[in-house]
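Only one structure is covered here, and it is reproduced in the block below.
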Amino acid sequence: MVTTDLFGIHEGKEVFLCTLTNKAGNVIKLTSYGARITWIEIPDKYGTKDNITFGYDTFEETREGDKYFGSVVGRYANRIAGGKFSIDGIEYNTPKNNGPNTLHGGPEGWHSVVWETEIMESSKAPSVKFSYVSPDREMGFPGTVKVSVTYTWTDDNEIIMDYSYSADKKTVVNVTNHAYFNLHGAGKGDILDHEVTMKAPSFTPVDPEMIPTGEIRPVSGTPFDFRTPHTIGERIGMNDEQLGLGKGYDHNFVLDNREEVAVTVFDPVTGRVLEVITDQPGMQLYTGNFLDGSQKGYGGTVYKFRTGLCLESGHYPDSPNNPDFPSTIIKPGETVRTRTIYKFSVR
Ligand code: GAL
């Protein structure tokens with residue numbers, strides 16, 4: 001079942017809050033502002049339900065609060081070095097909103113626009129499609145891009161995210177979802193005890209500006225080796241150059257098993273499990289290193305340092321400037337479809 005409420009008005013447009021309830025009686029909420037996931041309420045191993053993602057009670061707080069909680073990020077998720085890149089010899093400049101770099105599509109990227117809302121009545125499970133037309137040169141990017149994301153909340157507690165985009169000029173696109181997870185329940189302590197397994201044989205090390213150096217480095221023998229389960233906290237404090245640069249984990253992992261489970265997160269306290277399945281080549285693991293307690297979400301809950309982690313499936317950061325990385329170029333006439341699934345269960 002899907003119910004829709006008016007959440008607020010942004011720049012004259014209605015912003016909706018959609019509540020999706022599956023047959024198991026579990027609820028997620030989505031808003032058309034930034035096509036965000038704002039609420040994921042699922043049981044723990046004792047059957048106790050809790051919301052495990054970050055968000056705010058009101059639209060105004062959502063708009064004024066952290067830019068990326070639960071949002072779709074685009075046109076280009078993560079960083080573009082120096083706020084510039086070239087396609088066919090033409091240089092494009094994008095706003096520098098993260099030191100010298102462009103972060104997450106620029107200050108008014110897709111996280112901050114109102115998407116069209118469509119309830120997918122024909123879907124068996126509750127499903128909502130958000131669509132947006134991004135004009136030519138929006139945030140400096142070439143071409144008009146038509147993008148949509150369809151969220152389906154299955155009876156098996158999976159959030160299926162189906163993205164689709166096309167452009168009328170050659171351009172670059174990299175979309176992701178920026179939900180923060182705390183499997184204890186959002187606001188209930190940090191995520192250092194969350195146990196992560198990630199089928200990533202290598203990662204892309206960064207320079208001091210958080211831009212990939214171009215190297216694909218094997219994880220073997222490093223604190224980035226999650227091929228067997230490790231808690232986040234186990235090695236995050238190690239004296240390691242890359243952990244120092246990221247202030248913790250804030251790195252793109254190179255996946256080798258597309259469309260299977262790429263990452264498993266297990267909370268030993270509640271037994272909650274999150275699996276991420278994706279067809280994308282990369283996965284940014286970000287451990288909330290920039291959370292500083294300044295954001296107050298639901299019921300005044302304070303989101304402190306490392307109390308949430310993000311698993312951002314997508315292309316590698318700064319691919320437009322790295323010809324050796326998988327290409328993010330999209331040509332006119334092409335439609336790219338990609339799928340990422342967040343699957344919740346208990347152990
Ligand atoms: C992540 C990024 C971090 C930080 C965060 C937003 O995707 O990797 O460096 O910018 O978003 O606070």
Side-chain angles (χ1 to χ4, degrees), residues 34-37 53-56 62-81 83 94-112 139 161 173-182 186 190-191 196 198 200 203-213 224 232 236 242-255 262-263 265 276 278 280-297 302-319 322 325 328 340 342:
R36 287 161 194 248
I37 301 173
T53 198
F54 291 4
Y56 301 89
T62 306
R63 184 173 56 187
E64 306 311 323
D66 187 279
K67 292 184 174 62
Y68 308 116
F69 285 0
S71 69
V72 166
V73 177
R75 286 192 191 190
Y76 200 92
N78 214 295
R79 291 169 179 82
I80 296 181
T94 49
K96 297 173 184 172
N97 59 335
N98 187 249
N101 308 313
T102 301
L103 177 69
H104 294 335
E108 280 114 55
W110 293 349
H111 60 278
S112 67
M139 297 285 107
M161 296 172 283
V173 177
N174 180 28
V175 284
T176 194
N177 174 273
H178 207 297
Y180 286 75
F181 300 103
N182 182 327
D190 61 44
I191 44 82
V196 173
M198 176 145 46
F203 74 110
T204 51
V206 291
D207 71 10
E209 302 291 356
M210 294 297 287
I211 297 297
T213 59
F224 293 82
I232 294 291
I236 202 168
Q242 285 298 313
L243 286 173
L245 291 172
K247 300 185 172 51
Y249 295 102
D250 191 359
H251 293 79
N252 167 63
F253 287 74
V254 173
L255 302 177
V263 190
V265 185
V276 186
T278 187
Q280 293 290 283
M283 181 72 71
Q284 183 86 7
L285 167 63
Y286 168 60
T287 48
N289 312 312
F290 295 115
L291 295 171
D292 59 6
S294 59
Q295 291 304 320
K296 291 189 185 63
V302 181
Y303 301 130
K304 296 189 188 135
F305 184 56
R306 293 186 181 154
T307 58
L309 62 82
C310 301
L311 290 161
E312 303 157 56
S313 62
H315 275 264
Y316 309 171
D318 198 34
S319 297
N322 270 288
F325 287 177
T328 53
T340 294
Y342 296 142

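Remember, it's 1-based here, ligands and their atoms both numbered in the order they're listed. The analysis underlying the following values was restricted to heavy atoms, covering all of them including side chains, and did not include hydrogens, waters or symmetry mates.
Contact annotation: for Arg79 versus ligand 1, heavy atoms closer than 4.0 Å belong to the side chain alone.
Judged purely by distance below 3.5 Å, without hydrogens or angles, the side chains of Asn289 and Arg306 pair a donor atom with an acceptor atom. For the residue pair Asn78 and Glu312, no side-chain donor N or O sits within less than 3.5 Å of a side-chain acceptor on the partner.
For ligand 1, one of its N or O atoms has an N or O atom of Asp250 under 3.5 Å away.
Residues forming a ring-ring contact (aromatic ring centres under 6.0 Å, His included) with Phe69 (at least two apart in sequence, or on another chain): Phe54, Tyr56, Tyr180, Tyr303.
Per-residue contacts place Glu312 under 4.0 angstrom from the following atoms of ligand 1 (heavy atoms of the residue considered): 1 (C), 7 (O). Atoms of ligand 1 lying under 4.0 Å from any heavy atom of Asn78, numbered from 1 in the order shown and given with element: 8 (O). Within the listing of ligand 1, atoms 10 (O) sit less than 4.0 angstrom from a heavy atom of Leu103.
Nearest heavy-atom pair, Ala81 versus Asp318, reported as atom, atom and distance to 0.1 Å: N-OD1, 3.0 Å.
The protein non-hydrogen atom at the shortest distance from atom 11 (O) of ligand 1 is His178 NE2, 2.8 Å.
Between the side chain of Asn252 and the backbone N or O of Gly282 there is no donor-acceptor pair closer than 3.5 Å.
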